[in-house]
S.K.: 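Below is a structure I'd like to ask you about.
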Amino acid sequence: MLLSDGSDVKSRQNWRVRVKMAEYLASIFGTEKDKVNCSFYFKIGACRHGDRCSRLHNKPTFSQTIVLLNLYRNPQNTAQTADGSHCHVSDVEVQEHYDNFFEEVFTELQEKYGEIEEMNVCDNLGDHLVGNVYVKFRREEDAERAVAELNNRWFNGQAVHAELSPVTDFRESCCRQYEMGECTRGGFCNFMHLRPISRNLRRQLYGRGPRRRSPPRSHTGHRPRERNRRRSPDHRHGRF
């Protein structure tokens, strides 16, 4: 019987050590214990430190989710009169403006690029999150094509900046305290504060397939009335 020399035993021990180290690094990847990769970028696809962050921002090469950076502008934050003073906008007007924006972006992206599983808009005030629109497509190929084409487009007078996002589970990205109405950080929280759309719009958008252009018929055989939301004269000027 041949006896293995000490080098074989040592190489097996080294191999086990490397395997354990790889398993450990994989288990902490994207967590606060990870000293190499930024946990905030991994969770929310954005980091308040930006390029100055001391940890790596591993941008995905493929993903179902894209982010349209700073696309939504809350009129309560931007409305001004001619003399530069702040102009009051009611909550009702803000919700109506937001629903119009959400419906337009959702509908156009789904018709052009493919079925959308989920779309979320940040209501945060921090520069790295304000107005970010996250769109999760059903297929990674649709997300890739959307990014390639949208970066050559304009929306509502501003250039569109789109990129693939590592975010696929928004439950890990959202501020739980905000959802319970208890977040003390306000708009500058580093976790997502997602602005909700109206119930009617949610039923309208998520209750239909990607190719359905008209609302479903009711049990009486008649189509339900469209929601009577007022639209500003330049509403359609925001098209991609």
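For this chain, numbers begin at 1 and follow the sequence in order. Nothing here was measured: the structure is a model prediction, and the numbers come from that model. In what follows, every heavy atom counts, from backbone to side chain, and hydrogens, waters and symmetry copies are set aside.
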S.K.: If every non-hydrogen atom of G50 is compared with every non-hydrogen atom of H57, which pair is closest and at what distance?
M.R.: O-CE1, 3.3 Å

S.K.: So is R55 actually on top of Y41's ring, under 6.0 Å and inside 45° of the axis?
M.R.: no

S.K.: Please walk me through it: do C122 and L194 pass side-chain contact (heavy atoms from CB on, under 4.5 Å)?
M.R.: CA-CA 5 Å; C122 287; L194 299 182; 4.3 Å; yes

S.K.: Kindly write out the residues that satisfy side chain to side chain contact (heavy atoms under 4.5 Å, CB included) with H193, not counting sequence neighbours, or none if the list is empty.
M.R.: N124, C175, Y178, C183, C189

S.K.: Let me check something: do F191 and F188 share a hydrophobic cluster, defined by ILVMFWY side-chain heavy atoms less than 4.5 Å apart, either directly or through other members?
M.R.: no

S.K.: Decide, yes or no, whether a salt bridge links R145 with E141 under the criterion of side-chain N to carboxylate O below 4.0 Å.
M.R.: no

S.K.: I'd like to check F170 versus M192 (side-chain heavy atoms, cut-off strictly below 4.5 Å). Are they in contact?
M.R.: yes

S.K.: Between F101 and F106 (judged by ring centroids, cut-off 6.0 Å), do the two rings come close enough to count as a pair?
M.R.: no

S.K.: How many angstroms lie between atom CZ of R176 and atom CZ of R171, to the nearest 0.5 angstrom?
M.R.: 9.0 Å

S.K.: When clusters are formed by joining ILVMFWY residues with side-chain heavy atoms under 4.5 Å apart, either directly or through shared neighbours, do I197 and V94 land in the same one?
M.R.: yes

S.K.: Within the 4.5 Å heavy-atom criterion, are D123 and N74 side-chain neighbours or not?
M.R.: yes

S.K.: Can L71 and F155 be said to form a side-chain contact (heavy atoms from CB on, under 4.5 Å), step by step?
M.R.: CA-CA 8 Å; L71 189 69; F155 182 87; 3.8 Å; yes

S.K.: Calculate, to the nearest 0.5 Å, the distance between atoms NE2 and CG belonging to H128 and L125 respectively.
M.R.: 11.0 Å

S.K.: How far does OG of S63 sit from CZ of F137, to the nearest 0.5 angstrom?
M.R.: 10.5 Å

S.K.: How about CZ on R48, more than 12 heavy atoms from neighbouring residues, nucleotides or ligands closer than 6.0 Å, or not?
M.R.: no

S.K.: Quick check, are the ring centers of F102 and Y72 under 6.0 angstrom apart?
M.R.: no

S.K.: Below 4.5 Å, heavy atoms only, C-beta onward: do N132 and N70 meet side chain to side chain?
M.R.: yes

S.K.: Heavy-atom distance under 4.5 Å between the side chains of K43 and V167, does that happen here?
M.R.: no

S.K.: Group every Ile, Leu, Val, Met, Phe, Trp and Tyr by side-chain heavy-atom contacts under 4.5 Å, then state whether V133 and L109 land in the same group.
M.R.: yes

S.K.: My understanding is that only one of L69, L68, I66 makes a side chain to side chain contact (heavy atoms under 4.5 Å, CB included) with E163; could you say which?
M.R.: L69

S.K.: Run the side-chain contact (heavy atoms from CB on, under 4.5 Å) test on K59 and L164 for me, step by step, so that the C-alpha distance in whole Å, both residues' side-chain angles and the decisive distance to 0.1 Å come before the verdict.
M.R.: CA-CA 7 Å; K59 296 189 176 183; L164 293 176; over 6 Å; no

S.K.: Is it the case that more than 12 heavy atoms not belonging to D127 sit under 6.0 Å from its CG atom?
M.R.: no

S.K.: To the nearest 0.5 Å, what is the distance between CG (D142) and CD (Q110)?
M.R.: 10.0 Å

S.K.: Mind listing the closest non-hydrogen atom pair of D99 and S198 along with its distance?
M.R.: OD2-OG, 2.8 Å

S.K.: In the structure I gave you, are the side-chain heavy atoms of N58 and F42 within less than 4.5 Å of one another anywhere?
M.R.: no

S.K.: Report the residues that fulfil side chain to side chain contact (heavy atoms under 4.5 Å, CB included) with E140, sequence neighbours left out, ordered by chain and then residue number.
M.R.: F62, Q64

S.K.: Any salt bridge between K136 and E118, counting N to O under 4.0 Å?
M.R.: no

S.K.: Do E115 and R139 touch side chain to side chain, with heavy atoms closer than 4.5 Å?
M.R.: no

S.K.: Rounded to the nearest 0.5 Å, what's the gap from OG1 on T65 to CD on E117? Could you check?
M.R.: 8.5 Å

S.K.: Quick one: do V89 and V121 end up in the same hydrophobic cluster if we chain Ile, Leu, Val, Met, Phe, Trp and Tyr together by side-chain heavy atoms under 4.5 Å apart?
M.R.: yes

S.K.: So do I116 and V135 actually touch side chain to side chain, heavy atoms under 4.5 Å?
M.R.: yes

S.K.: What distance separates S173 OG from I44 CD1, expressed to the nearest 0.5 Å?
M.R.: 7.5 Å

S.K.: Quick one, Q177 and T184 - any side-chain contact, counting heavy atoms below 4.5 Å?
M.R.: no

S.K.: What do the steps show when you test Q76 against E93 for side-chain hydrogen bond (donor to acceptor under 3.5 Å, both in side chains), and what is the final call?
M.R.: CA-CA 9 Å; Q76 283 184 327; E93 291 173 316; over 6 Å; no

S.K.: Could you give me the CA-CA distance, side-chain angles and deciding distance for Q95 and V92, then say whether side-chain contact (heavy atoms from CB on, under 4.5 Å) is met?
M.R.: CA-CA 5 Å; Q95 187 64 46; V92 173; 6.0 Å; no

